[in-house]
Amino acid sequence: MIIRKLEEISGTERDIAWGNGQSRRFLIARDGMGFSVTDTLVKAGSSSLLEYKNHLEACYCVEGEGEVVDYTTQKTHAITPGTIYALDKHEKHVLNAKTDLRLVCVFNPPLNGSEKHRLNGDDSSSY
């Protein structure tokens, strides 16, 4: 059984500054679960162009307000507490944070742990 608390992750190698916030990685590949779980903070006023060619991701909003924009269709979806969005087709998207956002994110396959975003949507990162 794996038990982790946020205060144990903060400030460690599992607490990754990704440019527009922090990704606190509760579960990563070496934990052997087959998926990753992160507690992700997104800074108010930020806009992040993102694309994951190697991972599927689902994000559940627990705090804050923002929007996710499908880069291809330009369709905008409001993100508020109680909303989940899932990138089931590796969609390139823009995440706009109106306030600080807190998201619980699940990745499949799991993150190795040290990955960082390229905020211009460039896939040269290992996401």
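- The main-chain N or O of E7 is never found under 3.5 Å from a side-chain atom of S10 such that the two would form a donor-acceptor pair.
- Side chains of L95 and L103 form a contact here, defined as non-hydrogen atoms less than 4.5 Å apart.
- The closest donor-acceptor contact from the side chain of S48 to the backbone of L50 lies at 3.5 Å or more, if one exists at all.
- Between A58 and I84, the closest heavy-atom pair is CB-CD1, 4.2 Å.
- For E63 against C61, the heavy-atom pair with the smallest separation is O-SG, 3.4 Å.
- Partners of E91 by side chain to side chain donor-acceptor pair (under 3.5 Å), not counting sequence neighbours: none found.
- For A78, the side-chain contact (heavy atoms from CB on, under 4.5 Å) test picks out no residue, with sequence neighbours left out.
- Note on L6: it does not cluster hydrophobically with I28, by side-chain heavy-atom contacts below 4.5 Å among ILVMFWY residues.
- The CZ atom of R4 sits 4.0 Å away from atom CG of D31, with the distance rounded to the nearest 0.5 Å.
- Interatomic distance, T99 OG1 to I79 CD1, rounded to the nearest 0.5 Å: 11.5 Å.
- Here the shortest heavy-atom pairing between D70 and T72 reads OD1-N, 2.8 Å.
- For the atom pair NE2 (H90) and CG (L56), the distance works out to 4.5 Å, reported to the nearest 0.5 Å.
- Remark: the backbone N or O of A44 is paired with a side-chain donor or acceptor of D100 at under 3.5 angstrom.
- Closest approach of D15 and I9 over heavy atoms only: CB-O, 3.6 Å.
- Closest of all the heavy-atom pairs between A29 and S36 is N-OG, 4.5 Å.
- We find the CZ-SG distance between R25 and C105 to be 10.0 Å, quoted to the nearest 0.5 Å.
- Contact annotation: the side chain of T83 never approaches that of H77 to less than 4.5 Å [non-hydrogen atoms, C-beta and beyond].
- One hydrophobic cluster holds both W18 and L111 under the rule that ILVMFWY side chains link at heavy-atom gaps under 4.5 Å.
- Criterion: ILVMFWY side-chain heavy atoms under 4.5 Å apart, direct or through other members. Under it, V68 and V42 are part of a common hydrophobic cluster.
- When all heavy atoms of Y52 and H93 are compared, the pair lying nearest together is CE1-CE1, 3.8 Å.
- The distance from atom CZ of R24 to atom OG1 of T38, rounded to the nearest 0.5 Å, is 9.0 Å.
- If you chain together hydrophobic residues whose side chains sit under 4.5 Å apart, Y60 and V37 fall into the same group.
- F35 is connected to V104 through a chain of hydrophobic side-chain contacts under 4.5 Å among Ile, Leu, Val, Met, Phe, Trp and Tyr, so both are in one cluster.
- Ring planes of H55 and F107: perpendicular class, angle over 60° (limits at 30 and 60°).
- With values rounded to the nearest 0.5 angstrom, T80 atom OG1 is found 10.0 Å from L101 atom CG.
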